[in-house]
Amino acid sequence: MNIHVLTLFPDMFLPVTQSILGRAEEKGLLQVRVINIRDYTLDKHNRTDDTPFGGGAGMVMSPEPAFRALEAIGAQGKRILYPSPRGKVLDQSLIEDLAKQEDVVILCGHYEGVDQRILDHWEMEEVSIGDYVLTGGELPAMVIIDAVARLIPGVLGSPDSHLEESIYSGLLEYPHYTKPREFRGLSVPEVLVSGNHQLIHLWRFEESLKLTKERRPDLLEEFVRAADSLTKQEKKILRGILESEE
């Protein structure tokens, strides 16, 4: 998979080359190409922004360098995202859809935003990572890259490791524990060292339900609507959680 990032601050993407994503690039599973928009400006002072028509505070990214950068990478016909607070909220469904693409382009805005003609001409999808405003699109772009990369086969050590995590299963993830079994008077739940995998599965399922009910009741409602495939034991646990007092 190829992800092309257009930005005014390419050095911000150095962390993308580290850890799991860095190894994914080494294996040829993922290529993140960072393009400096300033390289495509025709302004002798390398300016990429100007004051907004109609007045107002801040500066707006000019169309010329963005258009030239997009044309240089052959963005026409590719999936192009623009991180923006007014966009569709990034969710697992969108991430899974993006992970199926061969190429994804992300334009990182800055200042007060970008000239609307950039978005309109290139038919960009505005995507939000939450109801708050950041100084630019670089951090949202990294979030998108990380979330998408995890779904590319071979990127994670285990092909099933993402399936049990929060959101993927429809529930928030259960608590994790590791060695030592006792630490400063704090113990690991006995069921996790019982060796009974069925009981461990049910314990984790119940803990996920509890956390989801407490922190994301909206997710629990979605999960209940699609709970037909649960086993009898799982359905019993689910009923108990739903009937328990708040």
Colleague: Measuring from Lys78:NZ to His4:NE2, what's the distance to the nearest 0.5 Å?
Modeller: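 Separation between the atoms: 5.5 Å.
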
Colleague: Applying ring pair (Phe, Tyr, Trp, His ring centres under 6.0 Å), name anything that partners His201, two or more places apart in sequence or on another chain.
Modeller: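 Here no residue qualifies.
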
Colleague: Answer yes or no: is there a side-chain heavy-atom contact under 4.5 Å between Val16 and Met142?
Modeller: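 In contact.
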
Colleague: I need the full list of ring-ring contact (aromatic ring centres under 6.0 Å, His included) pairs touching residues 28-78, with sequence neighbours left out, sorted by first then second residue.
Modeller: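 Of all non-adjacent pairs touching residues 28-78, those that pass ring-ring contact (aromatic ring centres under 6.0 Å, His included) are Phe67-His121, Phe67-Trp122.
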
Colleague: Sequence neighbours excluded, which residues qualify as ring pair (Phe, Tyr, Trp, His ring centres under 6.0 Å) partners of Trp203?
Modeller: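 With sequence neighbours excluded, Trp203 shows a ring pair (Phe, Tyr, Trp, His ring centres under 6.0 Å) to no residue whatsoever.
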
Colleague: Tell me, do Val148 and Glu96 make a side-chain contact under 4.5 Å, heavy atoms counted?
Modeller: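 They are not in side-chain contact.
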
Colleague: Any ring-ring contact (aromatic ring centres under 6.0 Å, His included) pairs touching residues 131-153, not counting sequence neighbours?
Modeller: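 Residue pairs with at least one partner in residues 131-153: there are none.
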
Colleague: With sequence neighbours left out, what residues match Asn46 under side-chain contact (heavy atoms from CB on, under 4.5 Å)?
Modeller: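 Residues passing side-chain contact (heavy atoms from CB on, under 4.5 Å) with Asn46: Thr41.
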
Colleague: Could you give all pairs that pass the ring-ring contact (aromatic ring centres under 6.0 Å, His included) test and reach residues 8-38, with sequence neighbours left out?
Modeller: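 For residues 8-38: Phe9-His110.
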
Colleague: Say you draw a straight line from CG of Asn2 to CD of Glu102; how long is it, rounded to the nearest 0.5 Å?
Modeller: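 Result: 6.5 Å between the selected atoms.
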
Colleague: For the atom pair CD1 (Ile95) and CD1 (Ile144), what is the distance rounded to the nearest 0.5 Å?
Modeller: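 If I round to the nearest 0.5 Å, the distance is 6.5 Å.
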
Colleague: Under 4.5 Å between any side-chain heavy atoms of Val34 and Pro10, yes or no?
Modeller: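 Heavy-atom side-chain distance check passes, below 4.5 Å.
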
Colleague: Can you tell me how far CE of Met124 sits from CD of Glu126, rounded to the nearest 0.5 angstrom?
Modeller: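 If we round to the nearest 0.5 Å, Glu126:CD and Met124:CE are 9.5 Å apart.
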
Colleague: In Å, rounded to the nearest 0.5 Å, how long is the span from CG of Leu156 to CG of Leu151?
Modeller: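 The CG atom of Leu151 is 8.0 Å from CG of Leu156, to the nearest 0.5 Å.
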
Colleague: Nearest 0.5 angstrom please: Leu107 CG to Thr7 OG1, how far?
Modeller: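 Between atom CG of Leu107 and atom OG1 of Thr7 there are 9.0 Å.
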
Colleague: Can you tell whether the side chains of Glu207 and Lys210 come within less than 4.0 Å, N to carboxylate O?
Modeller: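 Lys210 and Glu207: salt-bridged.
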
Colleague: Only counting residues at least two apart or in another chain, list the ones meeting side-chain contact (heavy atoms from CB on, under 4.5 Å) with Lys236.
Modeller: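 Applying side-chain contact (heavy atoms from CB on, under 4.5 Å) to Lys236 gives Arg239.
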
Colleague: Assigning hydrophobic clusters by single linkage (Ile, Leu, Val, Met, Phe, Trp, Tyr; side-chain heavy-atom cutoff under 4.5 Å), is Leu81 placed with Val89?
Modeller: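 They do not share one cluster, since no chain of ILVMFWY contacts under 4.5 Å joins Leu81 to Val89.
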
Colleague: Got a salt bridge between Glu125 and Lys88, using NZ or NE/NH1/NH2 to carboxylate O under 4.0 Å?
Modeller: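 The answer is no: the pair does not qualify as a salt bridge.
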
Colleague: Scan for side-chain hydrogen bond (donor to acceptor under 3.5 Å, both in side chains) pairs involving residues 56-67, sequence neighbours excluded, and state none if there are none.
Modeller: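 For residues 56-67, and leaving out neighbouring residues, there are no side-chain hydrogen bond (donor to acceptor under 3.5 Å, both in side chains) pairs at all.
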
Colleague: side-chain hydrogen bond (donor to acceptor under 3.5 Å, both in side chains) with Asp228: which residues, sequence neighbours excluded?
Modeller: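 Residues passing side-chain hydrogen bond (donor to acceptor under 3.5 Å, both in side chains) with Asp228: none at all.
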
Colleague: Any heavy-atom pair between the side chains of Arg204 and Ile200 that's under 4.5 Å?
Modeller: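 They are in contact (side-chain heavy atoms under 4.5 Å apart), so the answer is yes.
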
Colleague: Can you sort out the partners of Gln101 under side-chain contact (heavy atoms from CB on, under 4.5 Å), two or more places apart, ordered by chain and number?
Modeller: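 Residues passing side-chain contact (heavy atoms from CB on, under 4.5 Å) with Gln101: Arg79, Asp97, Val104.
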
Colleague: For Phe183, give me all partners under ring pair (Phe, Tyr, Trp, His ring centres under 6.0 Å), at least two apart in sequence or on another chain.
Modeller: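 Phe183: no ring pair (Phe, Tyr, Trp, His ring centres under 6.0 Å) contacts found.
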
Colleague: With side-chain hydrogen bond (donor to acceptor under 3.5 Å, both in side chains) as the rule and sequence neighbours excluded, what pairs involving residues 188-200 come up?
Modeller: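 Of all non-adjacent pairs touching residues 188-200, those that pass side-chain hydrogen bond (donor to acceptor under 3.5 Å, both in side chains) are Arg181-Glu190, Gln198-Gln233.
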
